[in-house]
Amino acid sequence: MEIKLSFEGKEFAVKAGTPARELVDLLELSEKKPLAFKIDEELLDLHSPVRHGGEVKPIFPESPEALEILRHTASHVLAQAVKELFPGVKLGIGPATEEGFYYDFDYDRPFTEEDLKAIEKKMKEIVKKRYPLVREELSREEAERLFSELGERYKLELIREIPEETVSIYKQDRFVDLCRGPHLPHTGLVKAFKLLSVAGAYWRGDERNPQLQRIYGTAFFRKEDLKAYLERLEEAKRRDHRKLGRELELFSIEEEIGPGLILWLPKGAIVRKEIEDFWRDEHLKRGYQLVYTPHIALRDLWKISGHLDFYAENMFAPMEIDERAYQLKPMNCPFHILIYQSRKRSYREFPIRYCELGTVYRYERSGVLHGLLRVRGFTQDDAHIFCREDQLEEELYKVLDLVVHFLSVFGFKEYQIYLSTRPDKYVGSEEIWEKAEGALRAALEKKGLPYEIDPGEGVFYGPKIDLKIRDVLGRFWQCSTIQVDFNIPERFDISYIGPDNRPYRPIMIHRALLGSLERFFGVLIEHYAGAFPVWLSPVQAVVMTVADRHQEFAEMVYAKLAEAGFRVERDFRNEKLGFKIREAQVKKVPYMIIVGDKELENSRITVRTRKGENLEFTIEEFAERLKEEIIQKIIW
RNA sequence: GCCGGUGUAGCUCAGCAGGUAGAGCAGUGGAUUCGUAAUCCACAGGUCGGGGGUUCGAGUCCCCCCGCCGGCUCCA
């Protein structure tokens, strides 16, 4: 059978099953050395047979697809090295990932740091040998025989689940692996790689399965790229909110209090206060009503809401008071529902939007806790919107609009958006799910936000939109979530009176924009590397004297700024100026106001920014600048 | 929860093969009055995560527990 290919406007035909490497000469690419081809979106390495026609795109080391191929081959090199060094080791899987690659191994003792070094050394030898990768196709029986001879029980398990009759394997030197590919032509191209860590990982990600040892690494075509990546890791370490949180005295987590419970220190609390003020103002402006609700409620409330059926494993255990069981709240929704129900509602009131910075407690398994990003007690910037079905789309649009507004104020302009659809375990009719999913989709499209579908990942009570924000290092963090809920209105049997004087069931939207103040704060710290914009800075300016004789003037400068409402501190200590500047710099204070002889003389102040620029102002001019910067929420 | 690592002064860390703790920074006191990232001197500060055990003797060895770190599973 002939297969038609096109490349740069020219038409070619090859026999089905022709190895893709023959295309190199056919397309006259031997000079440029492609690593693989893409034929109509299907990635095909040089080892694989051409089976489908279409537009051919050669993949070179610079192509974005090439890294994935490189890393996949790197994982095979890793596996070969491990098998040679540790006979008896069993292979799991070894794919490329976003940032690198890993391979899972089953071995009778844990791998150590030293093992990693030895493995790396062995890998370098394998790379040096430039072993060609060879692809073979086997029948399922042949493959089963091969891998059972090799004692690869996990591979056998995989083979048994492959629907096709033939499977492919890749060989290099004496190493064989069940693999779909694609791979590099030979191991010699895996030049810049590094093993990073070992960690436990359950076979097939299921905690009922045995736990394997996963070795993580990364690989690039060029040494410079590897170096840049490792530097980025270092940079991420420097920005770690747990480290900065301690250094800048923003928050702390104390063993005596318990894991996952946050103390907001004064410097962190002021940042939170600014965020909260902004949040409340924006909500009130947009027709939200502010509410407050308790931290605990009778267990029965959680029965009605369904949380005990669907969410019990995430809730703190009940406590008994006056012979009645109470539980800490993991969510705010039941309370908002009861506020809704506190009197009869009319369609004229709609939409009703209740918002609350509500502190919730969720039991998270000990191993998942992480600084501010994953905690057991946190404050959601929560809101519940009650509306009619015909208002749903409009309300969702407004919520999206508000999210984008909020996030961009903090400097987050890029998002990954996921629309999660109906899961296996759900309440409500299929029809209503479809309607809600449609409304979410329409709102996203109207707002012009690109999104992906996350099938089956919705919460049991309704579909949702999750929004992940990209920080300066290119990492994504989930904060915002917008969920439609058809469960709770039903369970609480809430209603409103329509124009025809008959009761109707409202639809409820459940949404958090920043997600939780704790997590958002953690992300912000890392995003700004602790150097907050002026409006958020715990200390906006420090007035520092050069010598004691400048104190009087400095005190006046301080008083004026403090009276104007700025967060100013005094550093009149008997220390050298350089010392004071260093300290303010380390604390990431945006403005350092220097008062010495010169300033006294001409009644102006010298202002050093934390970026190192020197500016000169009258006090009034500087106050004006600060004010503007705060109002505009300027980021620098 | 699971696998691996780790836990010494507020912070960062040293403490070799078991002989009853050390540095820098921070803190306190003093001297210095010095203009853009660390002035000098002195002092104080630790039940070495907790409990049990081995030993004449344990920060160092063994066991149990707790926290933290890297992952897995889960998630705002």
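Every chain is numbered from 1, with letters handed out A, B, ... down the list of sequences. All values below were derived from every heavy atom in this structure, side-chain atoms included, with hydrogens, water molecules and symmetry-related copies excluded.
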Report the distance from atom OH of A/Tyr102 to atom C1' of B/G71, rounded to the nearest whole Å.
-> 11 Å

For A/Glu452, check salt bridge (Lys or Arg N to Asp or Glu O under 4.0 Å) against everything at least two apart and list the hits.
-> none

Apply the test salt bridge (charged side-chain N to carboxylate O under 4.0 Å, His left out) to residues A/Arg238 and A/Glu235: give CA-CA distance (whole Å), side-chain angles for both, the deciding distance (0.1 Å), then the verdict.
-> CA-CA 5 Å; A/Arg238 273 191 292 279; A/Glu235 176 63 18; 2.9 Å; yes

Taking the six-membered ring for Trp, are A/His405 and A/Phe278 parallel (under 30°), tilted (30 to 60°) or perpendicular (over 60°)?
-> tilted

Can you list, by residue number, the residues of residues 402-411 of chain A that have a non-hydrogen atom closer than 4.0 angstrom to RNA chain B?
-> none

From CZ of A/Phe251 across to P of B/C68 the rounded distance in Å is 12 Å

Using a cut-off of strictly less than 4.0 Å, decide whether A/Ser366 has a side-chain nitrogen or oxygen near OP1 or OP2 of B/G1.
-> yes

Apply salt bridge (Lys or Arg N to Asp or Glu O under 4.0 Å) to A/Lys447 and list each qualifying residue two or more places apart in sequence or on a separate chain.
-> A/Asp401

Side chain A/Glu364 and base B/A76 donor-acceptor under 3.5 Å | yes

Establish, yes or no, whether a centroid distance under 6.0 Å links the rings of A/Tyr451 and A/Tyr415.
-> no

Looking only at B/A38, B/U33, B/C68, the nucleotide nearest the A/Arg549 side chain is B/U33

Short N/O separations, protein against nucleotides 3-13 of chain B, under 3.5 angstrom:
residue: B/C3; atom: O4'; partner: A/Gln211; partner atom: OE1; Å: 2.2
residue: B/C3; atom: O2; partner: A/Gly200; partner atom: N; Å: 3.3
residue: B/U12; atom: OP1; partner: A/Arg246; partner atom: NH2; Å: 3.0

When rounded to whole Å, the CE to P distance for the pair A/Met544 and B/A38 reads 13 Å

Can you give the dot-bracket line for RNA chain B, where a pair is Watson-Crick or G-U wobble with both atom distances under 3.5 Å, crossing pairs use [ ], and | marks a partner on another strand?
-> (((((((..((((.....[..)))).(((((.......))))).....(((((..]....))))))))))))....

Counting heavy atoms from C-beta on, name the nucleotide in B/C74, B/A76, B/G35 closest to the side chain of A/Leu577.
-> B/G35

Within the distance-only criterion (no hydrogens, no angle test), does the side chain of A/Lys580 pair as donor or acceptor with the backbone N or O of A/Asp571 below 3.5 angstrom?
-> yes

Would you mind reading off the distance between A/Asp206 atom CG and B/G71 atom P, rounded to a whole angstrom?
-> 21 Å

Under 4.0 Å between a side-chain N or O of A/His370 and OP1 or OP2 of B/C75?
-> no

Do any side-chain nitrogens or oxygens of A/Arg374 fall under 4.0 Å of OP1 or OP2 in B/A76?
-> no

Separation of B/A37 C1' from A/Lys587 NZ (nearest whole Å) = 14 Å

Residues passing the side chain to side chain contact (heavy atoms under 4.5 Å, CB included) test with A/Ala201, sequence neighbours excluded, are A/Asp104, A/Arg214

Of the nucleotides B/A37, B/U33, B/G35, which has the atom closest to the A/Ile581 side chain?
-> B/A37

With RNA chain B as reference, determine whether A/Asp548 or A/Arg365 sits nearer its 5' end, using the nearest nucleotide of each.
-> A/Asp548

Is there aromatic stacking of A/Tyr216 against B/G71, centre distance under 5.5 Å, plane angle under 30°?
-> no

Look only at the side chain of A/Asp382 and the backbone of A/Leu357, and say whether a donor-acceptor pair between them is shorter than 3.5 Å.
-> no

For A/Glu161, salt bridge (Lys or Arg N to Asp or Glu O under 4.0 Å) partners two or more places apart = A/Arg204

What parts of residues 509-522 of chain A reach RNA chain B, counting only heavy atoms under 4.0 Å away?
-> A/Gly515, A/Ser516, A/Arg519

Walk me through it: do A/Phe486 and A/Tyr461 pass the test side chain to side chain contact (heavy atoms under 4.5 Å, CB included)?
-> CA-CA 6 Å; A/Phe486 340 105; A/Tyr461 52 73; over 6 Å; no

Nucleotide by nucleotide, 5' to 3', does protein get under 4.0 Å of the base (B), only the sugar-phosphate (S), or neither (-) in nucleotides 26-31 of chain B, counting heavy atoms?
-> S-----

Describe the nucleic acid contact of A/Asn614 in one word from base, sugar-phosphate, nothing, applying a heavy-atom distance below 4.0 Å.
-> base

Just do the side-chain hydrogen bond (donor to acceptor under 3.5 Å, both in side chains) check on A/Arg272 and A/Thr379 with the steps written out, would you?
-> CA-CA 11 Å; A/Arg272 173 166 170 167; A/Thr379 302; 3.2 Å; yes

What residues, two or more places apart in sequence or in another chain, satisfy side chain to side chain contact (heavy atoms under 4.5 Å, CB included) together with A/Asp548?
-> A/Gln551

Tell me, which of residues 592-600 of chain A have any heavy atom that sits under 4.0 Å from an atom in RNA chain B?
-> A/Ile594, A/Gly596, A/Asp597, A/Lys598, A/Glu599

Could you state the atom-to-atom distance from CD of A/Glu613 to P of B/U36 in whole Å?
-> 18 Å

Non-neighbouring partners of A/Tyr216 that pass ring-ring contact (aromatic ring centres under 6.0 Å, His included), sequence neighbours left out | A/Tyr102

Rounded to the Å, how far apart are A/Lys611 NZ and B/A37 P?
-> 17 Å

For A/Ile93 and B/C72, give me the distance from atom CD1 to atom C1', rounded to whole Å.
-> 12 Å

Side-chain contact check for A/Gln478: nearest option of B/G1, B/A76, B/A37 is B/A76

Starting from the 5' end of RNA chain B, give me the residue, A/Leu372 or A/Arg242, whose nearest nucleotide shows up first.
-> A/Arg242

